[in-house]
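Predicted model only: the values in this text are computed from it and were never measured. In the text below, chain A, chain B and the rest are named by the order of the sequence lines, each starting its count at 1.
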Protein chains: 2
Amino acid sequence: MAAPLKSIPPAPADLRRDPPDVRPVEGTEADEELATLAKALGHPARVRIMRLLVRREACICGDIVDELPLAQSTVSQHLKVLKEAGLIRGDIDGPRVCYCVEPRTLRRLKALVGSL
Amino acid sequence: MAAPLKSIPPAPADLRRDPPDVRPVEGTEADEELATLAKALGHPARVRIMRLLVRREACICGDIVDELPLAQSTVSQHLKVLKEAGLIRGDIDGPRVCYCVEPRTLRRLKALVGSL
DNA sequence: CCGGCTTATCGCATGATGACGATGAACAGG
DNA sequence: CCTGTTCATCGTCATCATGCGATAAGCCGG
């Protein structure tokens with residue numbers, strides 16, 4: 001229940017980004033969505049990658065590869081899985097690729113898990 | 001290492017359930033834990049089962065089977081996956097088995113996802 | 001103790017996943 | 001233009017996941 005809120009103070013940039021997610025957190029659609037996101041997170045290397053990106057300790061693909069005890073091609077595969085699930089995004093920056101988390105999807109994941 | 005604990009005041013019933021989880025929400029251990037839990041949730045049928053159990057719409061294995069469009073043996077496999085991940089528990093009740101969520105693990109999952 | 005009910009497990013087929021090295025594609029610098 | 005760097009993709013192999021029917025195992029009512 002929201003308070004009357006007469007004049008909304010200017011939201012900080014972090015909250016102004018994108019509109020709230022109105023999709024339901026349960027039902028068949030939500031179940032499959034949660035399953036897809038959970039599956040994408042269902043590997044230690046991918047969890048690790050997510051953490052690196054969240055804390056911005058790495059962003060460039062090469063740096064991520066350096067942080068993991070895996071071959072470059074394997075890391076690329078994991079990045080692909082995370083990207084296909086919508087959890088991360090890859091921006092091409094010259095010869096490099098800068099990966100970063102997709103905050104919207106991450107919030108969605110938290111909402112879905114929270115609904116359990 | 002237990003504290004000296006002279007006289008602990010009687011905790012209210014809600015808090016007496018189980019002790020708070022003191023394990024860290026990040027680090028290699030946590031990464032693997034999150035990966036394991038996420039992997040267990042990484043299938044629509046298992047998400048569905050979790051929801052059924054959380055809302056207590058079903059508890060007996062047979063009822064769960066009736067709710068899913070899958071063979072009994074397949075459902076049993078999914079229940080096994082969830083149980084091995086520690087997300088649910090199965091209490092034998094005569095010839096039946098009553099499954100229910102393991103609140104502690106579910107809270108742990110939420111904490112781990114929340115740490116992202 | 002027998003037969004029926006409920007659940008778990010086995011065995012198997014099929015497809016997905018995870019790992020790697022090798023190769024390809026795109027770009028920046030000379 | 002080459003050349004090196006960076007990343008994605010391919011091919012391959014081993015392993016795991018998912019589904020099912022069939023069968024085993026445990027319990028309750030006669």
Identify whether any heavy atom of B:I60 sits under 4.0 Å from a base atom; if not, whether one sits that close to sugar-phosphate; answer base, sugar-phosphate or nothing. sugar-phosphate
Calculate, to the nearest 0.5 Å, the distance between atoms CG and CG belonging to A:L116 and B:L109 respectively. 7.5 Å
Would you compute the distance between atom CZ of B:R48 and atom CG of B:L70 and round it to the nearest 0.5 angstrom? 9.5 Å
Rounded off to whole Å, could you give me the [atom1]-to-[atom2] distance for the [X] and [N] pair?
X: A:D63; N: D:dT6; atom1: CG; atom2: P; answer: 10 Å
X: A:K39; N: C:dG18; atom1: NZ; atom2: C1'; answer: 13 Å
X: A:L79; N: D:dT6; atom1: CG; atom2: P; answer: 16 Å
X: A:K80; N: C:dT17; atom1: NZ; atom2: P; answer: 11 Å
X: B:K83; N: C:dT7; atom1: NZ; atom2: C1'; answer: 10 Å
X: B:Q72; N: D:dT23; atom1: CD; atom2: P; answer: 15 Å
X: A:D91; N: D:dC7; atom1: CG; atom2: P; answer: 13 Å
X: A:L70; N: C:dG18; atom1: CG; atom2: C1'; answer: 9 Å

Which nucleotide in the list [options] gets nearest to the side chain of [X]?
X: B:S73; options: C:dA19, D:dA8, D:dG21; answer: D:dG21
X: B:A71; options: C:dG18, C:dT7, D:dG21; answer: D:dG21
X: B:P95; options: D:dG26, C:dC20, D:dC7; answer: D:dG26
X: B:C61; options: D:dG19, C:dT9, C:dA8; answer: C:dA8

Side chains of B:R55 and A:E26, heavy atoms from C-beta outward: is any pair under 4.5 Å? yes
Can you confirm whether A:H78 sits close enough to A:T74 that some side-chain heavy atom of one is under 4.5 Å from a side-chain heavy atom of the other? yes
Just N and O in the side chain of A:R96: are any of them under 4.0 Å from OP1 or OP2 of C:dA26? no
On the nucleotide C:dA8, are OP1 or OP2 found under 4.0 Å from the side-chain N or O atoms that B:H78 carries? no
Go nucleotide by nucleotide along DNA chain C from the 5' end; which of A:D93 and B:T74 gets its closest nucleotide reached first? B:T74
